[in-house]
Amino acid sequence: MSAPTTDASQLAEPARTTVRVEPVDVTPLPRPDGTQLRLGLSHVLFTLVGLIAWLFLYVYVLSGFSQGHVQQQLYGQLREQLAEGTAPTGAPIAAGAPVALLDVPALGLHHVVVVEGTRPAQLQDGPGHKLGGVLPGQAGVSTLMGRAVSHGAPFRHLGSLKPGAAITVTTAEGTFAYRVDDVRTKGDPVPAAPAAGVGRLVLVSADSSGWLAHPQTVYVDASLQGAAQPASDVSASDPGGAAMARDTSAGTLAILAIALELLVGALVAFTWARHRWSRLGAWIAGVPVLLAALWLVSIVASRLLPNLI
Amino acid sequence: MRRRWSVLAAVGAVLVATALIGFALVPSAQASDTATFTKTVNRVFYNADGTTTPADPDHPDGYHVKVTVSATQNLRGNQPITVSWSGAHPTGGIVNDPNYGYDGSEQEYPFVLMECRGTATTVRPETCWTQTSAERVQTAGTVTSAPVWRADGAAKSADRAAQVDQPPGNRPATCTVQRFERWLPLVAASGTTYYGGGVGCYDLAPEGSDEPTTGVPDNTTYGITGTDGKGTAQFAVWTADENATLGCSSTVACSLVAIPVTGVDCDPDFTQVQPGDPIIPTAAQQARYASTCEKADSYQPGQRADGSGANFNLATSGRLWWSASNWANRIVVPLNFAVSGSTCSLVNNDAPLLAYGSILMTDIAAQWQPTFCTTSGYRPFLHVQATDTQARSLVSGDNPAIKVGLSSLPPDDGFGAPVAQAPVAMTGFAIAYNIDGADGQPITDLRLNARLLAKLLTESYNGDLQGRTAYPTLAGNPRTIFADPEFHALNPGVDTSIPGVANAAAALISLSSDSDMLTALSSYIAADPDARKWLDGVPDPWGMVVNPHYQLDLPAGQDASDPHLSLPVTSWPLLDDFALDGTGSNACVKGVPYLAQIAHPLSQISTIEEDIEFALSNSQTTCQTITDANDPSQLVPKTEGQQPVGHRFVIGVVPLTAVDRYGLRPAALETSSNVGPQTKFTDAAGKTFASPDTAGLKAAVKLLSPDTDAGAWTFDYNEIDSQTGAYPGLMPIYADVPTSGLSSDDAARVAQLLTFAAGRGQTPGTANGQLAPGALPLTAGNGLGTEAAYTLCVARQVKAQTGVVPPLTGTCPAVPTKAKPTKSASASSSSTPSSVASTPPAGSTGAVVAPPVPSAAASAPAPTEVATTSAAVKTVGAYSGLGRWGLPITLIVGLLLLVAGLALRWGAEAWAAAKVVGPRTGPWLSSTWARYGPARGRRRG
């Protein structure tokens with residue numbers, strides 16, 4: 001903005017007193033203009049909008065890439081273990097270790113690797129085997145949980161499975177064929193516990209029928225066709241892996257805080273480089289770093305979301 | 001330029017705020033239990049001109065102290081927490097008992113640990129607990145004395161006056177007013193102020209005493225820092241139950257305050273006081289202050305005190321822990337106490353369901369009870385300690401006196417009424433010890449066999465009889481287990497010298513009342529061939545014989561009708577009758593069976609736990625004068641009391657859950673031996689031992705087998721050697737519950753307790769509602785799926801009260817349907833009664849059905865819901881509010897922010913543009929902007 005006509009340098013001049021006779025402009029000075037504040041605020045809002053857009057992009061698209069990448073690694077690992085016969089057959093199994101291959105043609109799932117545990121972090125890698133139950137293929141109830149929205153959403157259309165649909169699970173003990181009995185949601189009757197020596201598979205995910213909102217869970221019961229393997233040792237059930245559980249443990253929050261600090265650090269470095277170094281260089285060198293930091297923050301932060309979403 | 005910075009500032013602010021939120025969330029999440037704190041402490045001397053000089057030229061920057069505390073969450077009364085520190089000034093003038101404040105505070109540079117009421121910001125010396133007057137009051141009478149606390153340059157001027165914080169009101173005539181007095185009152189949780197001051201002055205707090213305690217020692221610890229700057233101490237935290245003056249609880253915040261005493265910051269010239277203040281002494285006096293405060297230490301680091309109690313440097317001692325100089329160096333560790341069962345009477349008017357019996361249940365019930373009275377839908381229960389035999393008999397018969405009995409064994413002759421025994425916990429007994437080795441450090445690995453336990457229990461060691469008088473019967477026997485070659489053969493690392501307190505090593509501290517714990521212990525001894533043979537009267541390979549009073553093969557001449565031992569026992573009998581003639585210091589034990597005084601079994605399990613935790617010798621063999629030392633009738637026997645650190649030897653039998661709860665160490669017990677009973681051995685070769693850890697208990701579970709006639713699982717002591725690593729002390733706890741004769745209200749409460757015990761209560765942990773460490777969860781993974789399923793089955797039978805005692809294995813009998821069937825079951829729902837999803841069929845793996853069906857089926861208020869077992873259970877599903885609202889709200893917020901941002905950024909320009917072209921091309925847009933556009937947009941010109 002242009003400066004007002006009453007200049008401070010004139011006021012400071014002590015030498016002579018100038019007597020003015022012409023008319024003097026006595027209109028009050030304009031108040032400081034709010035443009036800077038307005039623009040700054042708009043930038044803050046755009047940043048927040050950008051973050052929210054990133055959130056949606058990450059949840060619906062980018063997290064799927066993460067899972068795809070992890071799945072590929074896990075598949076190689078499990079294939080080797082299956083070939084060697086070293087894949088797990090009973091507790092204890094390390095959390096996150098691959099335990100089975102899941103095929104559900106009706107859902108378009110082919111050779112999806114099931115990992116041990118159903119905490120949010122484990123379900124980021126793929127469908128998880130719930131602790132406290134037997135492994136698939138064994139006598140008793142085995143529960144697999146998977147995401148319906150983010151991280152590739154392997155169980156997105158779980159609710160659309162029809163009775164009789166085929167599910168195939170491969171573990172170290174063999175390949176097991178299941179037939180879907182029914183789909184149930186809140187209020188539907190729970191089938192009776194399987195008789196001794198009978199295997200059942202329960203798939204759990206969030207109900208994805210709503211648009212954006214996924215408050216409820218959906219269950220699919222499937223019966224093992226043919227003989228079940230004897231039940232092995234079962235690990236203690238894990239409250240942190242319950243349906244819709246979120247991971248707000250101190251460890252996760254601490255990692256999140258560190259990841260955020262990393263992101264802030266990367267931003268500061270980027271801005272500094274843009275001002276003091278080279279504009280183009282800063283963009284070339286900084287953007288990958290910023291993206292990596294943002295991605296890391298997203299991975300950790302998404303563990304705060306319910307594990308079935 | 002400016003715009004870029006504003007972008008940066010905006011992005012940065014958002015991210016920093018997010019990070020801060022993340023940090024803020026961390027403490028509210030479950031924090032790690034171990035906590036570490038650091039602080040740099042320094043002592044300075046004030047020069048005459050007010051500048052400072054470091055007191056220790058070798059450490060001009062001070063000492064970098066680091067403190068680690070083993071546990072700060074879910075604390076319970078008398079729980080020991082391990083405090084270790086490094087980087088502190090080494091302690092000098094070391095005393096035997098750092099917990100007795102009078103002596104301990106005379107040490108130079110102690111590492112003071114005390115429990116104080118308040119948080120890091122509110123804690124003050126007045127709310128810190130100390131036992132004796134000397135730790136709080138400093139007085140001096142003569143004009144020439146120059147009390148060190150007056151020279152404290154860190155203190156406020158008012159606290160350096162001649163008399164500070166004197167008790168208000170008239171002083172007792174016996175409490176002389178001194179020239180210099182510094183009082184530090186103790187403010188109780190109730191608000192009462194205790195001044196103390198020693199004999200003739202004011203009262204100490206009820207828990208305080210100027211004498212050394214004989215029972216549980218004080219928890220204020222004047223910790224000893226080694227010459228390497230490191231130290232460690234066990235600090236037993238107190239709740240309001242242990243110390244009402246301190247009053248710590250889950251609602252009254254308390255802290256552990258650690259003060260690395262470095263000494264008073266001497267200001268003998270009173271430079272830190274406003275010049276002209278009347279409290280400033282004369283120049284001649286000031287010289288005296290320099291000599292008392294800046295005095296050299298009396299002891300070298302690591303040197304022991306000379307015992308005079310006078311020759312220590314007050315300025316660096318623990319006595320002045322409260323001085324501003326030392327107090328400023330405090331490290332405050334917040335303590336978080338678990339809600340204790342005593343809360344129940346406050347929060348809940350519901351009279352609790354009383355469960356009588358097993359002492360093994362004490363620590364488990366202590367964690368379950370608060371959940372029952374603070375969780376909606378649950379109704380409180382209270383565990384009342386009673387002997388197991390009493391619990392079994394009270395629950396027997398057609399009109400049982402109690403609703404729930406807790407015991408570990410089936411009754412000998414049945415209950416005479418339908419009473420089911422439902423396992424609620426799997427735990428056991430431990431032989432816990434507190435023994436120091438040759439280096440004065442605690443021994444952490446101890447192995448015992450059944451014969452050694454038999455020796456301790458049968459009064460077969462001489463104790464201090466040897467040396468006082470001859471007892472011909474035991475002439476060839478060692479004095480204590482410490483002198484027994486068999487003990488050293490099994491524990492080669494243990495020092496061979498006899499500790500100071502001999503009698504404590506001659507007996508096992510045991511219970512005087514009936515207990516299934518003693519039955520289990522004696523069953524283990526009876527099943528061991530070596531122990532059995534020795535008890536039969538055959539000397540062990542080293543020639544030690546059983547006390548003939550306990551011989552199982554009755555010695556010649558003894559009538560079978562005389563008192564004698566027959567295993568197993570429900571309480572250990574005291575059979576030896578040898579008494580001292582009782583002269584002099586023995587007068588109090590005249591005519592009393594002396595070995596029984598050494599054994600001195602206790603009636604309270606908590607006393608045994610305290611004895612071992614605090615190394616209190618339990619032998620009641622010292623004579624205490626009540627009033628007149630010359631009157632023999634005034635002498636009473638008392639326990640030997642606390643043993644000096646470095647020379648401890650206490651051993652006793654406790655519940656397994658007490659091991660973690662009180663920080664005890666459990667011995668490994670022998671499970672098999674291929675060394676013959678008469679072969680001398682020098683090491684543990686050929687023998688196997690099992691520890692009471694999870695692996696040991698899991699292996700022992702395989703020795704439990706269902707006894708259909710008794711209606712309970714029994715432990716096969718004769719097969720211990722067949723199961724590698726099986727801990728012989730495993731004991732189940734059964735809830736003995738009648739399945740007929742209870743009112744429907746009581747039945748529902750008992751069923752709720754059983755349902756909780758079989759499910760939710762089996763998550764291991766130290767928080768309320770979890771299963772106390774030392775108990776093995778009843779899960780299929782631990783081989784206890786059948787037991788858990790049986791307890792759920794019993795819960796349903798209790799609820800129904802049809803008089804059915806279900807079989808231990810197999811399907812759970814149907815409970816008659818009392819209500820009309822609810823909506824028809826789904827096709828896959830079979831009609832077998834075992835099909836309730838929350839009740840896995842007995843014998844199966846006990847796998848849990850996925851959907852979280854209300855596991856507390858019996859807790860449902862309407863009896864019909866429990867009774868209709870053939871009706872289908874409905875899927876409950878999980879609901880996530882975040883899942884419901886998270887993404888939509890985020891999207892809406894995002895869109896709103898976008899609109900707002902656009903309006904802010906381009907709104908003015910757009911409006912201005914509209915204004916210019918408005919009348920011609922955009923009347924609607926223009927008028928809309930005029931009405932709804934941002935205020936800035938309406939600015940004229």
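Given the structure is predicted, the values throughout are model-derived calculations rather than measurements. Only heavy atoms go into these numbers, but all of them, side chains included; no hydrogens, no water, no symmetry mates. Chain letters run A, B, ... following the sequence lines, proteins first and then strands; every chain starts at 1.
Pairing each heavy atom of A:Leu45 with each of B:Ala900, the nearest pair is CD1-CB, 3.7 Å. What you find for A:Thr217 and B:Ala878 is that their closest heavy atoms are OG1-N, 2.8 Å. For A:Tyr60 against B:Leu887, the heavy-atom pair with the smallest separation is OH-CD1, 3.6 Å.
Checking side-chain atoms of A:Arg38 against main-chain N and O of B:Leu904 turns up a donor-acceptor pair under 3.5 Å.
Taken from OG in B:Ser880 to CG in A:Asp207, the straight-line distance is 12.5 Å, to the nearest 0.5 Å. A distance of 12.0 Å separates OG1 in B:Thr890 from CG in A:Leu51, rounded to the nearest 0.5 Å. Atom NE2 of A:His43 sits about 6.0 Å away from atom CZ of B:Arg905, to the nearest 0.5 Å. Separating the CD1 atom in A:Ile52 from the CD1 atom in B:Ile889 is a distance of 11.5 Å, to the nearest 0.5 Å.
With respect to chain A, the highest number of heavy-atom pairs below 4.5 Å among B:Pro764, B:Gly901, B:Gly886 belongs to B:Gly901. Of the listed residues (B:Thr763, B:Leu902, B:Val893, B:Leu895), the one with the most heavy-atom contacts under 4.5 Å to chain A is B:Leu902. Comparing B:Gly894, B:Pro888, B:Gly881 by how many heavy-atom pairs each has under 4.5 Å with chain A, the most go to B:Pro888.
The shortest side-chain heavy-atom distance between B:Leu898 and A:Phe46 falls under the 4.5 Å cut-off.
Using a 4.5 Å cut-off between heavy atoms, A:Leu308 does not touch chain B at all. When heavy atoms are compared at a cutoff of 4.5 Å, A:Leu41 approaches chain B by way of both its backbone and its side chain.
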